[in-house]
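Side-chain atoms are counted along with the backbone in the values below, which use heavy atoms only and exclude waters and symmetry mates. Index from 1, following the sequence. Keep in mind it's a predicted model, so treat the numbers as computed, not measured.
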Amino acid sequence: MLCLAGCASRRELPAFQPVSTETAVIRWQRGKVSLTCDAVCARSQDGAAMIRLYKQSPSSILELRLEPDGTLTAKGSLAGPGWTGPNSSAPMPLATWANFLSVYQNADKLPVGEKELHTAGARIAYHKTTTRLKSLSIANTDTAETINGLFRPGT
């Protein structure tokens, strides 16, 4: 079983009110351990983004929410006691997720096409059409961790 751990003080967030919602299949791999699950990804009017992961249950196993000010909140069984703090300071078990959600949050600003970008510690690949994001992949080159998302059409 994979477990993301961390701790920080929690703050109450306003209710998330999505203006767009997409479903996806997410494959998360760290080293030799991998998890494939369903996901619901959403963006709100104020610029926040959220992803919820589900594995054979109506209850999410991980929920991540990224606010426009860069505050990341993680909760669910994979998040252990949960975590809230600056996206840029996310603990190692959440850092790649923070990057994934940040790119998803700003997907409307990405150029159309199949692109691959490289940063100091990550490889980001995506496929975007004029109407939607089809796929997003983040590979953390420091931790051998990869998150691949395939977004389902019509959602």
NZ (K75) and OG (S60) are apart, to the nearest 0.5 Å, by 7.5 Å

Can you name the closest pair of heavy atoms from A42 and P18 and give their distance? CB-CB, 3.9 Å

CD/E116: more than 12 non-hydrogen atoms of other groups inside 6.0 Å: yes

L136 reachable from Y54 in the ILVMFWY side-chain graph, under 4.5 Å edges: no

Say you draw a straight line from OG1 of T73 to CG of L64; how long is it, rounded to the nearest 0.5 Å? 9.0 Å

Using modelled atom types and a 3.5 Å cut-off, is there a donor and acceptor pairing between side-chain atoms of N140 and backbone atoms of T143? yes

Does any non-hydrogen side-chain atom of L66 lie less than 4.5 Å from one of T71? no

Closest non-hydrogen atom pair, N87 against S102: ND2-CB, 3.9 Å

Heavy-atom side-chain contact between I51 and V40 under 4.5 Å: no

Can you name the closest pair of heavy atoms from T36 and K55 and give their distance? O-NZ, 2.7 Å

Residues A48 and E67: closest non-hydrogen pair is CB-OE1, 3.9 Å

Hits for side chain to side chain contact (heavy atoms under 4.5 Å, CB included) against S20, two or more places apart or cross-chain, chain-then-number order -> R43

Taking the six-membered ring for Trp, are Y104 and F151 parallel (under 30°), tilted (30 to 60°) or perpendicular (over 60°)? parallel

Between OG1 on residue T96 and CH2 on residue W28, distance to nearest 0.5 Å: 9.0 Å

Between the side chain of E145 and the main-chain N/O of A139, is any donor-acceptor distance below 3.5 Å? no

With side chains defined as the heavy atoms from C-beta onward, is the minimum distance between I26 and L53 less than 4.5 Å? yes

Are L150 and L35 linked, directly or through other ILVMFWY residues, by side chains that come within less than 4.5 angstrom of each other? no

Side chains of P93 and R30: does their closest heavy-atom pair fall under 4.5 Å? yes

Flag, side chain of T129 to backbone of R132, donor-acceptor distance under 3.5 Å: yes

Is it the case that one hydrophobic cluster holds both L117 and L101, taking links as side-chain heavy atoms less than 4.5 Å apart, direct or via other members? yes

Kindly give the heavy-atom pair with the smallest separation between A98 and L72, and that separation in Å. CB-CD2, 3.7 Å

Are the side chain of K115 and the backbone N or O of A125 linked by a donor-acceptor pair below 3.5 Å? no

Between R123 and S137, is any pair of side-chain heavy atoms under 4.5 Å apart? yes

Salt bridge (charged side-chain N to carboxylate O under 4.0 Å, His left out), that's the test. Do R52 and D38 meet it? Break it down for me. CA-CA 8 Å; R52 287 186 180 127; D38 293 315; over 6 Å; no

Heavy-atom closest pair (G47 atom, P68 atom, distance to 0.1 Å) is C-CG, 3.8 Å

Would you call W97 and I147 a side-chain contact if the rule is heavy atoms closer than 4.5 Å? yes

T141 side chain to G121 backbone, donor-acceptor under 3.5 Å: yes

Below 4.5 Å, heavy atoms only, C-beta onward: do C41 and M50 meet side chain to side chain? no

For the residue pair S135 and Y126, establish whether any side-chain heavy-atom pair is separated by less than 4.5 Å. no

Does the E22 side chain pair with the main chain of A24, one donor and one acceptor, at a distance under 3.5 Å? no

Under the 3.5 angstrom rule, does the side chain of K128 hit a backbone N or O of L110 as a donor-acceptor pair? yes

